[in-house]
Amino acid sequence: MAIETVTPSTALISSDIVLFGLIAATLGLIFWLASGPTPFWKKFFAWVPALLLCYFVPAFYNTVGLIDGESNSLYNPIASRVLLPAALVLLTLSIDLKGILRLGPKLLFVFVAGTVGIVLGAIVSFQVMEWVHPPAVAGDTWRGMAALAGSWIGGGANMVAMREVYEVDATLFGQFAVVDVAMASLLMAALLFVANRSAQLDARSGADTAAIDEMKSRIVAYEAANARIPTLNDLMIIVAVAFGFVGLAHAIANPLAAWFGQFEWAARFSLDSSFVWVVLISTLAGLILSFTRARRLEDAGAARIGTVFLYFLIACIGMQMDFMRLFDRLELIAIGAIWMLVHVLVIWGAARLVKAPMFYIGVGSMGNVGAAASAPVVAAAFHPTLAPVGVLLGTVGYATGTLIAYLVGQILRVMAGQ
């Protein structure tokens, strides 16, 4: 019998506990610097997103041999199997579907058109690159595109979920993370530019802005009535809800995956994977909680805690990257550019069809591409009181991003002939 030899790690840091402390300290330092303690850092983070550093700094540690990103337990099981589903629960329980419906049919129509634009963009960009430069979409590129669809329909949690579902290579995932940040940053810059000229553009197009004025007054009243400083009880309940449902999801997922494993067709849809069910059950749990009093936990910062889990997860993914290979495939930028162009054309056409104001285009687009992290920034650029509208639409993306991106991945898998 052949004996498999395991090459010992040569990394300077081999202890998981020390590595955990290093990642936590790194994230803390990045966000402290992003707060702009000096004029230099304020200008630096105006151009370089903190999210990108959360990928790249741990990747740098791995590249120079300070850590071994693969030989540790931080990513699996801690980050991917515990923190990711916990983030999904907390990021979806705050959804106010009734409030979203009251925003008006035009806004929802434009937002849904943005989602359709992302789905069509994935298909069009894959097909165009297959005609123009087939190596760009050869191999496992479709897997990375499925992960990117998760980000552009939902957010970082959905992107990571798709990374796990479709087993995207860490380096390919990092390359698409670059595409994600580059295209999303360009889109946000364009929308912020438009926001400063929205009044003139709306007047020229004859858009109806009455619903926006009504939204402003309603949101101001809601925030005044519900916002609160979280107490220790709030934080303990938030943590209990998050990890309690993670445990329940794992308990249900294992027998479900085993049952679906009896059927040959289930493997094609990854239904025989327990992790797929963990992701779906966690998202469903958050949605169900959003119809209960548990949604009030968002007033105490449930989504912020979920975002903390998410950024730790992102850093754990980053530390598996081979930084030297990260920019080997610049043709992926072309895929992202075509993809984003299709999204912009579809959402712009939908807005013109119903004579929606520029605000609907801006928040509808970033509600998809930037989710709850960036959509409020664009919404606030139109008016500060409209920032929660971006949060509402962004959280809808968290709820739908995993399922829709999963379907996009299945379409791309067929297109790739796999």
Side-chain angles (χ1 to χ4, degrees), residues 16 19-20 23-24 27-28 31 51 54 58 72-95 147 150-151 154-165 230-254 256-257 273-319 371-373 391 394-403 405-406:
D16 287 358
L19 179 56
F20 179 90
I23 295 300
L27 290 174
F31 278 89
L51 174 64
C54 292
N72 62 77
S73 59
L74 262 67
Y75 179 75
N76 187 7
I78 295 174
S80 64
R81 267 56 181 178
V82 178
L83 297 186
L84 171 59
L88 289 172
V89 172
L90 295 179
L91 290 171
T92 53
L93 70 79
S94 60
I95 295 175
S151 178
N158 306 89
M159 184 178 188
V160 176
M162 287 302 97
R163 191 255 182 180
E164 285 299 304
V165 168
T231 64
L232 177 60
N233 284 347
D234 290 327
L235 297 176
M236 292 301 294
I237 292 171
I238 290 171
V239 171
V241 168
F243 292 117
F245 277 99
V246 169
L248 179 63
H250 277 278
I252 297 173
N254 289 330
L256 259 180
S273 166
S274 62
F275 184 77
V276 171
W277 288 107
V278 168
V279 169
L280 293 176
I281 293 169
S282 299
T283 303
L284 180 61
L287 283 173
I288 293 173
L289 290 173
S290 72
F291 289 97
T292 70
R293 293 180 61 187
R295 192 173 67 84
R296 297 296 301 273
L297 291 173
E298 171 54 20
D299 300 334
R304 291 191 184 95
I305 296 176
T307 304
V308 170
F309 296 159
L310 178 60
Y311 272 95
F312 187 85
L313 174 66
I314 288 170
C316 288
I317 293 173
M319 71 184 186
V391 176
T395 51
V396 172
Y398 283 130
T400 60
T402 299
L403 176 60
Y406 176 76

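Values below: every heavy atom of this structure, side chains too, minus hydrogens, waters and symmetry copies.
Using bins of under 30°, 30° to 60° and over 60° for the plane-to-plane angle, the ring pair F31/Y311 lands in the perpendicular bin.
Across all their heavy atoms, L90 and G306 have their closest contact at CD1-N, 3.6 Å. Taking all atoms of both residues into account, the shortest heavy-atom contact from A253 to I281 is N-CD1, 4.2 Å. Considering every non-hydrogen atom in both M159 and A147, the closest pair reads CG-O, 3.1 Å. Contact between N158 and G150 at its shortest, heavy atoms only, is CB-O, 3.3 Å. Nearest approach of A294 to L93, heavy atoms of both residues: O-CD1, 3.5 Å. Contact detail for L27 and F312: the closest heavy-atom pair is CD1-CA, 3.6 Å.
How far OG1 of T283 is from CD1 of I288: 11.0 Å, rounded to the nearest 0.5 Å. For the atom pair OG (S282) and CD1 (I252), the distance works out to 9.5 Å, reported to the nearest 0.5 Å. Rounding to the nearest 0.5 angstrom, the gap separating the CG atom in L284 from the CG atom in L289 is 9.5 Å. L313 contributes atom CG, which lies 11.5 Å from atom CD1 of I23 (distance to the nearest 0.5 angstrom). Going from atom CD1 of I78 over to atom CG of N72 covers 8.5 Å, rounded to the nearest 0.5 Å.
For the side-chain hydrogen bond (donor to acceptor under 3.5 Å, both in side chains) test, no residue two or more places apart in sequence or in another chain qualifies with N254.
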Exercise answer: donor-acceptor pairs, residues 80-87 side-chain atoms, under 3.5 Å, sequence neighbours excluded:
residue	atom	partner	partner atom	Å
S80	OG	Y75	O	3.0
R81	NH1	E164	OE1	2.4

Validation: residues 230-243 side-chain donor-acceptor distances under 3.5 Å, sequence neighbours left out:
residue	atom	partner	partner atom	Å
T231	OG1	N233	N	3.4
T231	OG1	D234	N	3.2
T231	OG1	D234	OD2	3.2
D234	OD1	R228	NH2	3.1
D234	OD2	R228	NE	3.3
D234	OD2	T231	N	3.0

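Put simply, the side chain of E298 gets close to the backbone of A303: a donor and an acceptor are under 3.5 Å apart.
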